[in-house]
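Working notes for the structure below.
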Amino acid sequence: VWFGFDEASCQPCDPGKYCLEDDRLIECEAGFICSWGATKPDPNDGITGFICPKGHYCTAGALRPEPCPAGFYMEDEGAGSEDDCFECEPGFYCPRASESGTQHACLEGYYCPQGSAVGNAEACPVGHACPAGSSEPEPCAQGTYAPIIKMASCLDCPEGFYCPDEANIDPIICPAGAFCEAKVDEIKLCAAGTFNSYEGARSQADCTTCPGGYYCLDGTAAIDESIRCLAGYYCPPGTMAQTENMCEVDYYCPTGASAMQPCDVGFYSISPLASDCKPCEAGYYCPRTKTDKAGNPNTLTQREPCEEG
């Protein structure tokens, strides 16, 4: 406990060292702190010395424990060097003198790689989400998006838009001819027989019935000459295909017809798919004397031979 030239000159062994009976002063063992009067290299009585505490390391002969640096931790007592401190676990951060690698979860909107010293180590990038405890950014799933940095969760794609890929930054507006419900990653086409000429439609209810004289296939975005009803056919409102309704005998259907038309007096039609009526030939007359399918008399023309004389 004491050292000196004689008993009168003896004094307690210096901190950081321990003393043998032959007056030698030797550095305290790594992993321990020797206080005044230590007699062995690893004192742990709390008076002459103590074992290096958690969250710290104690080199040989150290006068005080040194904290593990930020980004590292030590969960056991007795660490003898800074190299004994462990890197903080992914998804967590470790202030100086940390005793655990999983005590402090990374903050929302940030991610913490292994060895992080602070809770806002790396800002979550756009198109990704970082809930508390994230070790790396999580790409937004299809149907969601993240337009700014530091987001803890991704936003659902709104109605009228779609988010087709992973890591979407901004939703894409739904194109004409289609509609987009909430949280979708692909568009839905307006059903055949309907159309939609504007962007951002939210449901099939936003698709309008195809007008008479035209036909609308799936995804029709505009009413123009390219979908006008063909000659020989008729297209009432809501027609889904160009040859859906064939013009019948006794009627004619010009281009763009929304209904079958009966022939005028003096004309007739005896073939399906007629686009116009034929004039009565010499020796015949064409009165409206025929009853239609609905039972209406004197509605349709028919060719009759003229009487002799």
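Here the structure is a predicted model, which means the values were calculated and not measured.
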Would the number of heavy atoms belonging to other residues, nucleotides or ligands and lying under 6.0 Å from [atom1] of [X] be above 12?
X	atom1	value
Lys17	NZ	yes
Glu87	CD	yes
Tyr284	OH	no

Query - Test log, rule salt bridge (Lys or Arg N to Asp or Glu O under 4.0 Å), inputs Lys54 and Glu99 - result: CA-CA 6 Å; Lys54 297 178 180 180; Glu99 298 179 7; 5.3 Å; no
Any side-chain to backbone donor/acceptor pair from [X] onto [Y]? Under 3.5 Å, distance only.
X	Y	result
Asn245	Cys235	no
Ser269	Tyr251	yes
Asp165	Asn168	no
Asn296	Asp292	no
Gln261	Ala259	yes
Thr220	Ala222	no
Asp218	Leu189	no

For the atom pair [atom1] ([X]) and [atom2] ([Y]), what is the distance rounded to the nearest 0.5 Å?
X	Y	atom1	atom2	answer
Asp276	Thr255	CG	OG1	10.0 Å
Tyr234	Glu248	OH	CD	5.5 Å
Glu186	Cys174	CD	SG	11.0 Å
Glu166	Glu138	CD	CD	8.0 Å
Asn196	Arg202	CG	CZ	12.5 Å
Ile173	Glu199	CD1	CD	5.0 Å

Any heavy-atom pair between the side chains of [Y] and [X] that's under 4.5 Å?
X	Y	value
Ser100	Glu75	no
Tyr57	Glu82	yes
Phe179	Cys207	yes
Phe50	Pro65	yes
Lys290	Thr301	no
Asp84	Met74	yes
Arg288	Asp264	yes
Pro287	Glu304	yes

Requested in this report: Report the residues that fulfil side-chain hydrogen bond (donor to acceptor under 3.5 Å, both in side chains) with Ser258, sequence neighbours left out, ordered by chain and then residue number.
Outcome: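 For Ser258 there are no side-chain hydrogen bond (donor to acceptor under 3.5 Å, both in side chains) partners, ignoring immediate neighbours.
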Report task. Please lay out, stage by stage, how Tyr252 and Cys277 fare under the test side chain to side chain contact (heavy atoms under 4.5 Å, CB included). Result -> CA-CA 6 Å; Tyr252 75 102; Cys277 295; 3.2 Å; yes
Query raised in the report: For the ring pair His104 and Tyr93, is the centre-to-centre distance below 6.0 Å?
Result: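 Yes, the ring of His104 comes within the 6.0 Å limit of the ring of Tyr93, centre to centre.
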Is [X] linked to [Y] within one hydrophobic cluster, defined over Ile, Leu, Val, Met, Phe, Trp and Tyr using a side-chain heavy-atom separation of less than 4.5 Å?
X	Y	answer
Val126	Tyr110	no
Phe195	Ile227	yes
Leu300	Val265	no
Val118	Leu107	no
Tyr214	Leu230	no

Report task. Decide yes or no on side chain to side chain contact (heavy atoms under 4.5 Å, CB included) for Thr39 and Tyr18, but give the supporting numbers first. Result -> CA-CA 5 Å; Thr39 60; Tyr18 68 96; 5.8 Å; no
Check the SG atoms of [Y] against those of [X]: under 2.5 Å or not?
X	Y	result
Cys112	Cys88	no
Cys130	Cys106	no
Cys263	Cys286	no
Cys140	Cys163	no
Cys247	Cys253	yes
Cys58	Cys52	yes

Minimum-distance pair of heavy atoms, taken over all atoms of [X] and [Y]:
X	Y	result
Leu217	Ala241	CD2-CA, 4.3 Å
Ala79	His56	CB-O, 3.4 Å
Pro147	Leu155	CD-CD1, 4.0 Å
Ile223	Cys210	CD1-SG, 4.3 Å
Pro113	Glu122	CD-CG, 4.1 Å
Cys124	Pro137	SG-CB, 4.3 Å

Report task. Using distance alone, with no hydrogens and no angle criterion, decide if Asp83 and Ser81 have a side-chain donor and acceptor under 3.5 Å apart. Result ->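 No pair is found: no donor N or O on one side chain lies under 3.5 Å from an acceptor on the other.
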Report task. May I ask you to check whether Thr48 and Asp45 show a side-chain donor-acceptor distance below 3.5 Å? Result ->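 Asp45 and Thr48 do have a side-chain donor-acceptor pair below 3.5 Å.
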Report task. Tell me whether the guanidinium CZ or amine NZ of Arg303 lies under 6.0 angstrom from the six-membered ring centre of Tyr268 and within 45° of its axis. Result ->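 Ring-cation test returns yes.
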Query - Derivation of the side chain to side chain contact (heavy atoms under 4.5 Å, CB included) call for Glu89 and Tyr73 - result: CA-CA 9 Å; Glu89 299 297 328; Tyr73 72 98; 3.2 Å; yes
Report task. Check the pair Cys94, Cys68 against disulfide (SG to SG under 2.5 Å), reporting the backbone distance first and the verdict last. Result -> CA-CA 9 Å; Cys94 297; Cys68 286; over 6 Å; no
**Report entry** Worked check of side-chain hydrogen bond (donor to acceptor under 3.5 Å, both in side chains) between Glu66 and Thr59
**Finding:** CA-CA 9 Å; Glu66 291 292 335; Thr59 56; over 6 Å; no
Requested in this report: Show your reasoning for whether side chain to side chain contact (heavy atoms under 4.5 Å, CB included) applies to Gln204 and Thr194.
Outcome: CA-CA 9 Å; Gln204 176 64 47; Thr194 67; 3.2 Å; yes
Query - Verdict with supporting geometry, Ser203 and Glu181, side-chain hydrogen bond (donor to acceptor under 3.5 Å, both in side chains) - result: CA-CA 6 Å; Ser203 70; Glu181 299 166 335; over 6 Å; no
